[in-house]
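Take a look at the structure below.
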Amino acid sequence: MLKKVLIANRGEIAVRVIRACQELGVATVAVYSELDRDALHVRLADEAYALGGQTAAESYLNTEAILDVIERSGADSVHPGYGFFSENTDFARAITARGIVFIGPPPEAIDVMGDKVSSRIAAQNAGVSGVPGTVEFLSSHTEVVAFGEEFGWPVAIKAAFGGGGRGMRVVNSADEAQSAFESAQSEALKGFGRDECYVERYLTWPRHVEMQVIADMHGNYVWIGERDCSAQRRHQKLVEESPAPAFPPEIRQAMGEAAVKVAAACGYYNAGTVEFLFQDGEFFFLEMNTRLQVEHPVTELVSGIDLVREQLRVASGEKLSFSQGDIELRGHAIEVRVNAENPAGGKFLPSPGRITTLVPPQGFGTRWDGGYEPGDEVSQYYDNLIGKLIVWGSDRPTAIARMLRALKEFRIEGVATTIPADVAILSHPDFAEAKHSTKWVEDTLDLTGVDSAPVVTESADGEVPKVRREVDAEVNGRRYRVALWVPDIPVAVGSGSGAAAAPRPRRSASSGSGAGAVGAGTVTVPMQGTIVKVSAVVGEPIEAGATICVLEAMKMENNITADISGTLSELRVEAGQGVGPGDVVAIIEPAG
Ligand code: MV4
């Protein structure tokens, strides 16, 4: 088994992976950006290392910084989660070359499935059909016209190296072909740097059904049932479920076998998902996602299989702990994504900010996979998924009712969330009757009355912004300079002090200290504690910022420093003495 996994990700998926590692007795290494210093994944991991930077590019996508942490931590493997490096073969190869295990598929498989044309060819060679269309790149719109005349309209022009629907154009008739082809090409070039396009029949009301597969390095391939992800908006999934509603068992069987064939065709191992479009009882290969997906928990709840645990086993070279005949899919699972977005009017505007209240629902069949706790901040720089609520029920109506019950219980304050949209979807008769398709949320669902303006409340502990302070610490007799992020309470009082970083109202000296109004050179302590050391000497010159004494308070040592340069004229404390907030410890006569 792997011994130490570095999780090259953040948020709920990093938390998910850390939990699986802990259950297996595998050590965990978190990495974090400057904004994630206090994030949940950092708090849960055994070790955590700063990557620096704020944006994803500066932090979670900084290969050099991650390679450095691998080296310093002694991690033997990396779990990439989803997004970030999960489908980056340069990264996978870079770590593999250093003898580090990439917890994912072989890079060759990622490459084959990485673009729509080569994956379509691979699937076709394995006997799995995509939507009828071409595999050659289009050289002119006249080929689009010829295809439409032969197979019927509408047709879809797709960017070969695109994704997420970008570069896709629907063409309803011959006279639309030219402008659609040109705009598909230019969008593809802008978005992906390459403008190759191909054409296929356009399905007008398909469902998005994807099949979970997992394989080991010993040639064992297993499919673990499908997920229906049709309730989505602009290629952002909102609700996922397993099994797909109104999905006959023989189609499931055929889709499972097709998915395994596609996986085998590219020498796949680890967890993966084969996506299909499903319409009128037929399914068509769309693409393969060579990573663990956001919605993997619905498969876990109906199969009882811990997919992350199996990923870790497979990456260790072990065999899968089950075979196809062992898979039993039971009941119905539904997941909703809870994003910090306001779905009002169907706009889904991002709503970053501090989560002041977060009380996930509990109860039978109710799972919350979250990446945040109360007090945590959802940053504008990253995906705003707060977490996923997943329910299990013995059948679909039970699961829907359970999800609606759970969503009603959910309390989140401080940011707007997608929960009202999730409720609108789950309580809609079209969803109950499985009449929805991939176009349903955008074309049919009415979100005009939906609002989720964030409830802004004070957090329970009263928000005090944190500031960076450096202190000296001794660990086993070795001295370290340590950075602390502490509540912004000034350490030294007086004007011109470098000790208190932010402009907060400063504490005045307590009455009876004899110092009168506190001014420059009157040094006080900010909180109750014990003076453990006095380092300055009366009568000697002292520089601004130099330590006068050390106050132990709240189990931490705080340097009480000179706020101005001058001569130390009075020292009012000694080691061992107890002090209270505002007590004067020293007076400095300004120099000159
Ligand atoms: C299609 C299609 C209908 N017909 N292809 C959009 C993103 C890309 N992954 C594939 N997509 C589609 N391809 C044909 N021939 C409809 C979609 C589509 C879609 C697919 C899956 C999930 C959500 C979708 C939303 C809109 C359109």
Side-chain angles (χ1 to χ4, degrees), residues 82-83 87 113-120 123-124 128-135 138 143-144 147-148 150-172 176-177 180-181 183-184 187-188 191-192 196-211 226-242 244-245 247 255 259 262 272-291 293-295 298 335 337 346 348 425 430-431 434 436-445:
Y82 51 70
E87 291 171 287
M113 292 299 157
D115 76 79
K116 289 193 197 146
V117 171
S118 74
S119 66
R120 209 174 140 90
Q124 208 167 65
V128 176
S129 336
V131 184
T134 59
V135 285
L138 294 166
E143 294 162 18
V144 177
F147 182 86
E150 188 179 344
F151 292 93
W153 303 96
V155 302
I157 302 174
K158 293 187 173 185
F161 303 98
R166 283 222 288 165
M168 180 167 121
R169 288 290 180 282
V170 179
V171 188
N172 291 298
E176 292 175 19
F181 179 49
S183 80
E187 188 172 309
F192 313 108
E196 291 90 338
C197 292
Y198 65 99
V199 65
E200 59 186 39
R201 231 185 85 203
Y202 181 70
L203 307 178
T204 51
W205 197 249
R207 283 188 7 218
H208 171 131
V209 180
E210 56 184 34
M211 182 61 65
E226 78 284 3
R227 297 183 288 258
D228 188 316
C229 313
S230 302
Q232 56 84 50
R233 176 199 165 264
R234 301 207 185 156
H235 310 291
Q236 291 287 353
K237 293 167 186 169
L238 296 165
V239 177
E240 303 103 346
E241 60 182 315
S242 184
F247 195 67
M255 185 182 279
V262 171
T273 298
V274 184
E275 285 187 6
F276 298 91
L277 288 178
F278 175 63
Q279 184 177 295
D280 304 324
E282 278 187 289
F283 62 82
F284 306 96
F285 172 80
L286 204 51
E287 52 198 72
M288 180 168 188
N289 298 319
T290 53
R291 59 173 188 274
Q293 286 190 269
V294 177
E295 59 271 25
V298 296
E335 171 181 283
R337 299 189 185 196
F348 292 84
I425 293 167
D430 286 356
F431 186 83
H436 62 301
S437 81
T438 53
K439 297 167 79 177
W440 178 77
V441 169
E442 280 166 65
D443 294 1
T444 308
L445 184 68

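Side chains are part of it too, since the values below use all heavy atoms of this structure and drop only hydrogens, waters and symmetry mates. Numbers here are sequence positions counted from 1. We count ligands from 1, going down the list as the structure has it; atoms in each ligand are counted the same way.
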How close does the nearest protein non-hydrogen atom get to atom 20 (C) of ligand 1, and which residue and atom is it? Leu277 CD2, 3.7 Å
Given Leu286, Val155, Thr438, identify the one with the heavy atom nearest to atom 19 (C) of ligand 1. Thr438
Can you give me the closest heavy-atom contact between Gln232 and Cys229, atom names plus distance? CG-O, 3.8 Å
Enumerated ligand 1 atoms positioned under 4.0 Å from heavy atoms of Glu200: 5 (N), 14 (C), 15 (N)
Just to confirm my output: which protein heavy-atom neighbour is closest to atom 6 (C) of ligand 1, and how far is it? His235 CE1, 3.3 Å
Which residue holds the protein heavy atom closest to atom 9 (N) of ligand 1, what is that atom called, and what is the gap in Å? Glu287 OE1, 3.3 Å
Which residue, Arg169, Lys116, Arg120, forms the salt bridge (charged side-chain N to carboxylate O under 4.0 Å, His left out) with Glu200? Arg120
For atom 11 (N) of ligand 1, what is the closest protein heavy atom, and at what distance to 0.1 Å? Met168 SD, 3.9 Å
Taking atom types as modelled and ignoring hydrogens, do the side chains of Thr273 and Arg227 form a donor-acceptor contact shorter than 3.5 angstrom? yes
I need the nearest protein heavy-atom contact for atom 25 (C) of ligand 1: residue, atom name and distance, please. Gln232 NE2, 3.2 Å
Looking at every heavy atom in both Trp153 and Asn172, which two are closest together, and how far apart are they? CB-O, 3.2 Å
Only heavy atoms of Tyr202, strictly under 4.0 Å: list the atoms of ligand 1 that pass. 2 (C), 3 (C), 4 (N), 15 (N)
Distance alone, cut at 3.5 Å: any donor-acceptor contact between the side chains of Arg207 and Thr438? no
For Phe278 and Phe284, I'd like to know if the aromatic rings sit close, meaning centre-to-centre distance below 6.0 Å. no
Considering only non-hydrogen protein atoms, determine which one is nearest to atom 15 (N) of ligand 1 and report residue, atom name and distance to 0.1 Å. Arg201 O, 2.6 Å
Between Cys197 and Phe181 the two heavy atoms that sit nearest each other are CB-CE1, 4.2 Å
With a 4.5 Å cut-off on side-chain heavy atoms, are Ser242 and Asp228 touching? no
For atom 13 (N) of ligand 1, which protein heavy atom lies nearest, and how many Å away is it? Lys158 NZ, 2.9 Å
Looking only at protein heavy atoms, which one is nearest to atom 4 (N) of ligand 1, and what is the separation? Leu203 N, 2.9 Å
Could you pull out, from Glu275, His208, Lys439, the option with a heavy atom nearest to atom 21 (C) of ligand 1? His208
